[in-house]
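Proteins get letters first, then strands, A, B, ... in listed order; numbering begins at 1 in each.
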There are 2 protein chains.
Amino acid sequence: MSISSRFSVGIHILALININKESTTTSEFLASSVNTNPAVIRKIMGMLKKAGLIEVRPGIAGSKLTKELAEITLFDVYKAVNVVQENDLFSIHDNPNPLCIVGKNVQNTIEPIFTAAQVAMEKVLISVTLEDVVKDIEAKENIS
Amino acid sequence: MSISSRFSVGIHILALININKESTTTSEFLASSVNTNPAVIRKIMGMLKKAGLIEVRPGIAGSKLTKELAEITLFDVYKAVNVVQENDLFSIHDNPNPLCIVGKNVQNTIEPIFTAAQVAMEKVLISVTLEDVVKDIEAKENIS
DNA sequence: TTAAGTTGTAACTATTTTGATTACATGTAT
DNA sequence: ATACATGTAATCAAAATAGTTACAACTTAA
């Protein structure tokens, strides 16, 4: 099972809003770039808005970032689009048998390990900003 | 979305086979400790067997580990039970529009970042052995 | 003030995965 | 031969994903 593509779509949306900042970036325009439905885009934009990453207003076409690219990390996007809950990257089977030494203690033994693994992953996301992403997109474009 | 509990159940199974090594550990016994169905246990045991972590034979009750506890990492279990595919912890939306600078390049830009995040998580799993887990389970048991 | 265009959101759908369950063939040992 | 285990397939309900349609609410401009 994979983490929802809402995350990569969220990154795509934010990068494109920035790159396209001289024009108005509507959900329809974004949808044609992402290759999905405008309603899907609007739903994700609603999450990005709720997280304070973008400004969008009913009836008004377009949207813009509320912060500088360098001030938005991929972790911010990841949290915004709600793809992995706090301390819930790994699920642990519940109600193991408390009469068994293993059943009684596995959960408490495993949980901190799973948390550490999740945190290590999230730290990588914290270390990358949208500025890094956009610069890399532009660099790749110039090469090709 | 969370990573399947097959992983935590796999750890539970291996730990219990070891702790119970003086007796025979049947799928029914394991099922009662994990609190699930024996067929579920057998399916996961089949994966652990295929990965070379345990010995089980048709018709013969019980199973044992093929290696020392200290030689089995949680990463081995994680790979065995097939909960996350290689380079596929995060899914990326496909067929973005190649006529858009972002659509054309996001995938290639994002992929290495996602891979790095996944690897960071997996490194934590590599660093923990079943011996660590079993010792912690026993320590918790002695305290309580 | 009406018309056109956009966002916000709900409802519905197909697909996929999970985890549980039942059933039974296959294999082993007494 | 009987009893018991494992191996495995088929089936099911529940949950999440991603797409689609539809429409209300809002804004702007003619």
Side-chain angles (χ1 to χ4, degrees), chain A residues 1-10 12-13 17 20 23-51 53-64 81-85 88-96, chain B residues 1-10 12-13 17 20 23-51 53-64 78 81-85 88-97:
Chain A
M1 177 48 46
S2 293
I3 291 171
S4 167
S5 65
R6 273 202 307 278
F7 184 23
S8 64
V9 172
H12 187 142
I13 290 171
I17 288 175
N20 196 45
S23 317
T24 62
T25 309
T26 66
S27 62
E28 187 167 6
F29 176 74
L30 285 163
S32 85
S33 173
V34 171
N35 186 33
T36 183
N37 195 289
V40 171
I41 296 293
R42 288 199 290 270
K43 188 172 181 188
I44 297 176
M45 288 180 82
M47 293 176 168
L48 297 173
K49 177 185 181 181
K50 190 174 171 190
L53 301 181
I54 61 175
E55 284 174 22
V56 211
R57 298 170 65 178
I60 302 180
S63 54
K64 16 177 232 176
V81 297
N82 220 28
V83 283
V84 174
Q85 308 310 311
D88 200 36
L89 176 59
F90 298 91
S91 55
I92 301 183
H93 56 296
D94 37 34
N95 303 317
Chain B
M1 175 52 44
S2 292
I3 291 171
S4 166
S5 66
R6 275 202 306 280
F7 183 24
S8 64
V9 172
H12 188 142
I13 290 171
I17 288 175
N20 196 44
S23 318
T24 63
T25 309
T26 67
S27 63
E28 188 167 6
F29 176 74
L30 284 163
S32 86
S33 173
V34 171
N35 188 30
T36 182
N37 195 290
V40 170
I41 296 293
R42 289 198 290 271
K43 187 172 183 189
I44 297 176
M45 288 180 83
M47 293 176 169
L48 297 173
K49 177 186 181 181
K50 190 175 173 190
L53 301 180
I54 60 174
E55 283 174 23
V56 211
R57 298 169 64 180
I60 302 179
S63 54
K64 15 175 234 177
Y78 162 92
V81 297
N82 219 27
V83 283
V84 174
Q85 309 309 311
D88 199 38
L89 175 58
F90 298 90
S91 56
I92 301 184
H93 58 295
D94 38 33
N95 304 316
N97 191 339

message: Could you measure the distance from the OG atom of A:S63 to the CD1 atom of A:I54? Nearest 0.5 Å is fine.
response: 5.0 Å
CD1-CG distance between A:I17 and A:L30, expressed to the nearest 0.5 angstrom: 5.5 Å
- request: Please work out if A:K50 contacts a base, only the sugar-phosphate, or nothing of the nucleic acid, heavy-atom cut-off 4.0 Å.
  value: nothing
Distance in angstrom units between B:L30 CG and D:dG7 P, rounded: 12 Å
field: Partner of A:S27 by side-chain contact (heavy atoms from CB on, under 4.5 Å), out of A:I44, A:N37, A:I41
entry: A:I41
message: By the 4.0 Å heavy-atom rule, please label A:S63 as base, sugar-phosphate, or nothing.
response: nothing
query: Does anything in residues 35-46 of chain A reach DNA chain D, meaning a heavy atom under 4.0 Å, and if so which residues?
result: A:T36, A:N37, A:A39, A:V40, A:R42
field: Spacing of B:M47 atom CE relative to D:dG7 atom P, expressed in whole Å
entry: 13 Å
query: When the distance from CZ of B:F29 to C1' of D:dC4 is rounded to whole Å, what number comes out?
result: 17 Å
query: Aromatic rings B:H12 and A:H93: how do their planes relate, parallel, tilted or perpendicular, breaks at 30° and 60°?
result: tilted
- request: Check whether more than 12 heavy atoms from other residues, nucleotides or ligands sit under 6.0 Å from atom CD of B:E55, and answer yes or no.
  value: yes
message: Just the rounded figure in Å: distance from P of C:dT18 to CZ of A:F90.
response: 14 Å
query: Quick one: B:E55 CD to D:dG7 P, roughly how many Å, whole number?
result: 12 Å
task: Compare side-chain N and O positions of B:T26 against OP1 and OP2 of D:dC4 and report whether any pair is under 4.0 Å apart.
output: no
query: Tell me: CD1 of A:I92 to C1' of C:dT18, nearest whole Å?
result: 17 Å
- prompt: With A:S4, which of A:V9, A:V81, A:V83 fulfils side-chain contact (heavy atoms from CB on, under 4.5 Å)?
  reply: A:V83
- prompt: Are B:S5 and C:dT18 close enough that a side-chain N or O sits under 4.0 Å from OP1 or OP2?
  reply: no
message: Could you tell me how far apart A:I13 (CD1) and D:dA18 (P) are, to the nearest whole angstrom?
response: 12 Å
Nearest-nucleotide comparison on DNA chain D, the residue closer to the 5′ end among B:A61 and B:S91: B:A61
field: Rounded distance [0.5 Å steps], CD1 in B:I13 versus CZ in B:R6
entry: 11.5 Å
query: Does a nitrogen or oxygen in the side chain of B:K49 sit under 4.0 Å from OP1 or OP2 of D:dG7?
result: yes
- request: Let me know, please, whether A:R6 or A:I60 comes out on the 5' side of the other along DNA chain D by nearest nucleotide.
  value: A:R6
- prompt: Can you check the B:L48 CG to D:dT6 P distance for me, whole Å?
  reply: 14 Å
